[in-house]
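Heads up: the structure comes next, in structure tokens.
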2 protein chains.
Amino acid sequence: MSTEKILLVDDDQDILEFLGYNIKKEGFDVETASNGKDAIEVAKKFKPDLIILDVMMPEMDGMETCHQMRNMPMLKDTLIIFLTARGEDYSQIAGFDAGADDYITKPIKPRVLVSKVRAILRRKGSTQEEESAIEANGVSIDRERYLMKKDGVEFNLPKKEFELLALLMSKPGKVFTREVILDSVWGGEVVVGDRTIDVHIRKLREKLGDLYIKTVKGVGYKFEV
Amino acid sequence: MSTEKILLVDDDQDILEFLGYNIKKEGFDVETASNGKDAIEVAKKFKPDLIILDVMMPEMDGMETCHQMRNMPMLKDTLIIFLTARGEDYSQIAGFDAGADDYITKPIKPRVLVSKVRAILRRKGSTQEEESAIEANGVSIDRERYLMKKDGVEFNLPKKEFELLALLMSKPGKVFTREVILDSVWGGEVVVGDRTIDVHIRKLREKLGDLYIKTVKGVGYKFEV
DNA sequence: TAAAAACTTACGATAGCTTTAAATGAATGT
DNA sequence: ACATTCATTTAAAGCTATCGTAAGTTTTTA
């Protein structure tokens, strides 16, 4: 699952930065726009999974923007959350009729927003029946149950080992460089040495047997097919 | 799907009749109450799918009534719409905090009300297709009766413990992250620490035995199969 | 055969979980 | 109304699997 893309639309630059920062921090891919027209332009290119839209904006307001977006095939399935000031006229909430999937009242606590964003993306995701199990070579992993199975026998792997194996098995045969591995299993900001990877590979080999994970010297590792 | 049941609560007899007539006409099964206490009594027996609740009522107001209803397991999943007079103090809308799912401002056009009712019932229908009894591994839970049964012996669990177990058992084997657990058992906005989950897990383990709920370090918990 | 890369082992730090206990708040009985 | 019991949350301390690193060894490559 790639990182989810969120488009944030508000005419107030401060809010844009504040919310943008907080959502980015949680690992989402964020773009911003400060009015309805821009929002539509950006949305066309960026193809966000979710749009957070201030209702009160000069020129084209949130509801009008939402309405137009809903009529664009490309954005048909995009989720839209309205941002409304508490105390605004609540006929606003006719927003649901304009096609919003949810809404939040200002003032907004970042935690609340993030949790709402997660919730609504999850709701969407759950309708799409994700595949959570991969299999290759008599070895299979089930992300949902966090289990590895070899020749019919199930094992528990610690988190890092599991993530590492999952990565390698996500494309059996493909060589993953150490850089890619660090990025994917440990995440961009963490700095751990290369030896750390070796050790985790070793632990996996202990549990899997030496046949499955192959070293490609000077390049990286792969799950053998 | 049988016809949906709606409970209408307002202290003004005229409104009650007016709205009642219009909703009935659309094929819903309607009961009425003219104050908070009655509403709760009727709700217990009638088990409506949706309650439309006037905020301004003598004695027990709508928000208080709503609050009490939300604490009754039997009505936990019932949808509640608030009726508020336009121009009323909007701190009212804290109504959402009291657990309302939506609200409508007076004066109300029947058409608008009916369309809102339809919309919100639809929303519910799509997210809720839960079986009220789940079984796995000799343990079963019955949501309707709020009972847990282990090896033929029935126990009653406190609310949080029950909800937690119900979540884990909703997909046996699947690992639920702490985030998902908090979101689902405690609700998006509530802030309780991670330790709280641990403790409830512990209580469940005390009652179930240590075999059923498994910790997946760094990830979450699951109901073992 | 020298240099580079990867492997192995073992150890120390710590994140993350468990446990205990105690405070607060809600529900129930007298 | 008061006391009592039970549910929930928080705080604090303990525990351990997991993680990261160091350092020496082996294998590969040029």
Side-chain angles (χ1 to χ4, degrees), chain A residues 146-148 155-168 175-179 181-187 189-222 224, chain B residues 40 64 67-74 76 99 146-148 155-168 175-182 184-187 189-222 224:
Chain A
Y146 237 80
L147 280 177
M148 181 266 284
F155 296 83
N156 299 309
L157 297 179
K159 195 176 164 197
K160 293 285 175 208
E161 285 167 48
F162 185 91
E163 295 297 345
L164 177 52
L165 179 61
L167 175 66
L168 295 181
V175 181
F176 292 85
T177 66
R178 300 177 107 81
E179 197 199 354
I181 292 173
L182 280 182
D183 229 54
S184 164
V185 177
W186 274 264
E189 323 238 332
V190 188
V191 247
V192 300
D194 271 10
R195 298 300 117 246
T196 299
I197 299 178
D198 300 8
V199 173
H200 281 88
I201 290 283
R202 162 136 215 295
K203 297 234 155 120
L204 275 178
R205 293 214 256 237
E206 268 171 16
K207 285 160 188 165
L208 283 168
D210 289 348
L211 314 169
Y212 299 93
I213 297 173
K214 202 183 159 197
T215 304
V216 182
K217 272 226 166 191
V219 186
Y221 298 91
K222 67 171 162 179
E224 193 70 316
Chain B
I40 288 176
E64 174 56 22
H67 203 70
Q68 291 199 23
M69 285 172 167
R70 278 291 180 247
N71 286 329
M72 297 167 60
M74 171 185 274
K76 192 177 65 64
Y146 236 78
L147 278 178
M148 181 267 284
F155 296 82
N156 37 11
L157 296 179
K159 192 169 153 204
K160 295 285 173 198
E161 284 169 47
F162 186 89
E163 295 297 343
L164 178 52
L165 179 61
L167 175 66
L168 294 181
V175 180
F176 293 84
T177 65
R178 300 176 108 80
E179 197 201 352
V180 169
I181 291 173
L182 280 182
S184 164
V185 177
W186 276 263
E189 322 224 344
V190 187
V191 250
V192 300
D194 272 8
R195 299 302 119 249
T196 300
I197 299 177
D198 302 4
V199 172
H200 282 86
I201 290 283
R202 171 147 202 288
K203 299 231 152 131
L204 277 177
R205 293 212 255 237
E206 270 171 14
K207 285 160 188 168
L208 284 168
D210 288 349
L211 313 169
Y212 299 93
I213 297 173
K214 205 186 154 196
T215 304
V216 182
K217 274 210 169 193
V219 186
Y221 297 92
K222 67 173 159 179
E224 193 70 317

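Lettering of chains follows the sequences in order, A, B, ..., and the numbering in each one begins at 1. Computation of the quantities below employed the complete heavy-atom set of this structure, encompassing side-chain atoms and omitting hydrogens, waters and symmetry-equivalent molecules.
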key: For Phe176(B) against Ile181(B), the heavy-atom pair lying closest together   =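 In this case the closest contact between Phe176(B) and Ile181(B) is O-CD1, 3.7 Å.
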
task = Report which part of the nucleic acid Phe162(B) touches: base, sugar-phosphate, or nothing (heavy-atom distance under 4.0 Å, all strands).
result =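 Nothing, no nucleic acid heavy atom in range.
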
query = How many angstroms lie between CD in Glu179(A) and CG in Asp194(A), if you round to the nearest 0.5 Å?
reply =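 Reported value, rounded in 0.5 Å steps: 10.0 Å.
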
message = In terms of relative ring orientation, are Phe162(B) and Tyr146(B) parallel, tilted or perpendicular, with 30° and 60° separating the classes?
response =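 Judged by the thresholds at 30° and 60°, the geometry between Phe162(B) and Tyr146(B) is parallel.
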
message = Checking Leu211(A) now: which residues fulfil side chain to side chain contact (heavy atoms under 4.5 Å, CB included) with it, not counting sequence neighbours?
response =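 Leu211(A) satisfies side chain to side chain contact (heavy atoms under 4.5 Å, CB included) with no other residue.
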
Nearest-angstrom distance from the residue atom CD1 of Ile201(B) to C1' of dT18(C) =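 Going from CD1 in Ile201(B) over to C1' in dT18(C) covers 12 Å.
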
key: Integer-rounded Å distance: dA6(C) P and Asp210(A) CG   =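 Interatomic distance, CG of Asp210(A) to P of dA6(C): 17 Å.
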
Check whether any side-chain nitrogen or oxygen of [X] sits under 4.0 Å from OP1 or OP2 of [N], and answer yes or no.
X: Thr215(B); N: dT18(C); answer: yes
X: Arg202(B); N: dT18(C); answer: no
X: Tyr221(A); N: dA5(C); answer: no
X: Arg205(B); N: dT19(C); answer: no

message = I'd like to compare against my own output: the B/S/- annotation of nucleotides 19-30 of chain D with a strict under-4.0 Å heavy-atom distance to protein.
response = SSB-----BS--

